[in-house]
2 protein chains.
Amino acid sequence: MFAINPADPAPIWRQIEEGVRRLIALGALQPGASVPSVRDLAKDLRVNPNTVARAYQRLAEGGVLLVKRGEGTYVADEQPQPKKAQRNGALRDAAVRYASTAIAVGSALEDAVDEVETAYQRVVREHRRKA
Amino acid sequence: MFAINPADPAPIWRQIEEGVRRLIALGALQPGASVPSVRDLAKDLRVNPNTVARAYQRLAEGGVLLVKRGEGTYVADEQPQPKKAQRNGALRDAAVRYASTAIAVGSALEDAVDEVETAYQRVVREHRRKA
DNA sequence: ACCTGTGTATTAGCTATCTAATACACTAAG
DNA sequence: CTTAGTGTATTAGATAGCTAATACACAGGT
């Protein structure tokens with residue numbers, strides 16, 4: 001699926017939440033597809049099942065996942081379409097954080113943009129490879 | 001100086017550390033200039049003095065700041081030049097995190113790059129304005 | 001000398017996170 | 001029915017980070 005980065009200060013459950021969202025956005029997880037069970041994903045990521053459960057619950061609340069109790073968890077048929085304002089807001093916050101660190105380490109704007117482009121395409125490619 | 005973002009999962013001492021580095025990179029803090037005292041900056045940021053002290057100590061260990069005990073803290077005369085490999089490594093990690101969230105929220109590469117450009121220039125402008 | 005402002009250190013308590021170990025209710029398959 | 005596999009809930013413990021309060025040693029100005 002994806003990997004957990006212990007060096008990332010973001011909580012693990014948030015990393016899982018974002019990882020699932022990313023897989024769906026990339027098309028690796030199609031609507032209706034089943035998602036790994038809480039225990040399986042926990043074992044895969046070397047993480048506690050409770051942590052995975054927390055991420056799944058948040059995704060279910062957001063309408064991204066559909067929980068069939070006692071049966072399993074699936075990708076919701078209709079993915080919620082976030083308002084453009086919300087999406088841009090989240091992206092904007094992330095951009096500010098990234099730009100701040102880029103400036104702090106003394107990188108020019110061009111270098112910062114280059115790194116984003118290669119990183120973006122590398123993430124996409126990485127998932128294409130596994131498919 | 002700068003602001004602390006409580007929503008950022010990064011520890012406050014790390015935000016302070018990066019904030020100081022950013023001010024130096026922007027030229028707002030020249031070598032030899034005095035930095036706000038631990039207590040003053042703590043009061044300014046509405047944060048505990050211990051947290052500021054931790055950031056200052058890390059910056060002093062890294063050669064970014066020079067501590068004159070009992071007198072004050074100053075920007076080091078010779079700023080350490082991080083190896084290009086180190087700087088690129090830090091930037092690369094940040095770029096991967098940013099690209100991941102951009103993909104997760106369903107943004108195209110072009111939009112992600114645009115947000116970085118505006119954010120970068122906005123941070124720079126914001127500091128130019130205060131100067 | 002005295003006092004104020006430095007950085008530094010220590011101790012305690014709080015909150016969030018993660019882990020671990022169970023336990024429960026539900027569904028599907030044998 | 002029994003069993004295995006779901007999601008879910010609870011409890012306890014460990015750790016990291018932040019806060020608060022206090023104290024110490026040093027430098028500089030009065």
Side-chain angles (χ1 to χ4, degrees), chain A residues 1-21 24 29 32-77 97, chain B residues 1-21 24 29 32-77 97:
Chain A
M1 297 277 293
F2 48 86
I4 294 302
N5 180 10
D8 193 334
I12 297 177
W13 57 265
R14 190 181 296 273
Q15 295 187 45
I16 296 173
E17 185 182 350
E18 185 184 290
V20 172
R21 287 194 135 99
I24 295 175
L29 287 178
S34 73
V35 154
S37 76
V38 167
R39 292 170 178 79
D40 281 355
L41 184 55
K43 176 172 287 190
D44 183 25
L45 299 179
R46 325 274 318 233
V47 144
N48 194 282
N50 286 332
T51 308
V52 176
R54 185 170 181 177
Y56 277 15
Q57 284 174 328
R58 288 181 57 91
L59 289 165
E61 289 172 6
V64 176
L65 295 183
L66 176 65
V67 169
K68 294 188 178 178
R69 181 177 177 144
E71 187 178 352
T73 307
Y74 304 86
V75 179
D77 290 326
R97 283 198 294 271
Chain B
M1 297 279 292
F2 48 85
I4 294 301
N5 181 9
D8 192 334
I12 297 178
W13 58 263
R14 191 181 295 272
Q15 295 187 44
I16 296 173
E17 184 182 350
E18 187 184 287
V20 173
R21 287 195 136 98
I24 295 176
L29 287 177
S34 73
V35 155
S37 76
V38 167
R39 291 171 178 80
D40 281 356
L41 184 55
K43 176 171 287 188
D44 184 25
L45 299 179
R46 324 275 315 236
V47 144
N48 194 281
N50 287 331
T51 309
V52 176
R54 186 170 181 177
Y56 277 16
Q57 285 173 327
R58 288 181 57 92
L59 289 166
E61 289 173 6
V64 176
L65 296 183
L66 176 64
V67 168
K68 293 187 179 178
R69 179 177 177 143
E71 188 178 350
T73 308
Y74 304 86
V75 179
D77 290 326
R97 282 199 294 271

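Each chain gets a letter, A, B and so on, in the order the sequences are listed, and its residues count up from 1.
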Problem set entry | Whichever of A/G72 and B/R69 has its nearest DNA chain D nucleotide further upstream toward 5' | A/G72
Exercise. Rounded to whole angstrom units, what separation is found between the CZ atom of A/R58 and the P atom of C/dA16?
Worked result: 14 Å
For this session: Over all heavy atoms of both residues, which pair between A/E18 and B/R97 is shortest? Give the atoms and the distance, please.
Result: OE2-O, 4.5 Å
For this session: Figure out the CG/C1' separation between A/L41 and C/dC18, and round it to whole Å.
Result: 15 Å
For this session: Measure the distance from CD1 on A/I16 to P on D/dG7 and round it to the nearest whole Å.
Result: 13 Å
For this session: Measure from the side-chain heavy atoms of A/V47 and tell me the nearest of D/dG7, C/dA9, C/dT19.
Result: C/dT19
Problem set entry | Spacing of B/Y74 atom OH relative to D/dA27 atom P, expressed in whole Å | 12 Å
Problem set entry | Residue whose closest nucleotide on DNA chain C lies nearer the 5' end, A/A10 versus A/E71 | A/A10
Exercise. Once you round it to whole Å, what is the distance between P of C/dC14 and CG of B/N48?
Worked result: 16 Å
For this session: Using only side-chain N and O atoms of B/R54, determine if any of them is under 4.0 Å from OP1 or OP2 of D/dG17.
Result: yes
Exercise. Hey, mind stepping through A/L59 and A/R21 against side-chain contact (heavy atoms from CB on, under 4.5 Å) and telling me if it holds?
Worked result: CA-CA 8 Å; A/L59 289 165; A/R21 287 194 135 99; 3.6 Å; yes
Exercise. Over how many whole Å does the gap from A/I4 atom CD1 to C/dC18 atom C1' extend?
Worked result: 12 Å
Problem set entry | Derivation of the side-chain contact (heavy atoms from CB on, under 4.5 Å) call for B/L66 and B/D77 | CA-CA 8 Å; B/L66 176 64; B/D77 290 326; 5.5 Å; no
For this session: Carefully, step by step, assess B/V67 and B/Y56 under the rule side-chain contact (heavy atoms from CB on, under 4.5 Å).
Result: CA-CA 9 Å; B/V67 168; B/Y56 277 16; 5.7 Å; no
Seminar exercise, completed: Of the candidates C/dC18, D/dA21, D/dT8, the side chain of A/A53 sits closest to D/dT8
For this session: List the steps, then state whether side-chain contact (heavy atoms from CB on, under 4.5 Å) holds for A/F2 with A/L45.
Result: CA-CA 8 Å; A/F2 48 86; A/L45 299 179; 4.0 Å; yes
Exercise. Any side-chain N or O of A/S37 under 4.0 Å from OP1/OP2 of D/dT6?
Worked result: yes
Exercise. From D/dG17, C/dT19, C/dT10, pick the nucleotide closest to the side chain of A/N50?
Worked result: C/dT19
For this session: Using heavy atoms to find the nearest nucleotide of DNA chain C for A/T51 and B/K68 separately, return the residue whose nucleotide is more 5′.
Result: B/K68
Problem set entry | Length of the line joining B/D8:CG and D/dC18:C1', which is rounded to integer Å | 15 Å
Problem set entry | B/V67 side chain, from C-beta outward: closest of C/dT17, C/dT8, D/dG17 | C/dT8
Exercise. Out of D/dT19, D/dG7, C/dG7, which has the shortest distance to the side chain of A/T73?
Worked result: D/dG7
Problem set entry | Atom pair distance, as rounded to whole Å: CH2 in B/W13 and P in D/dT19 | 14 Å
Exercise. What about B/R39, does its side chain sit under 3.5 Å from the base of C/dG7 through a donor-acceptor pair?
Worked result: yes
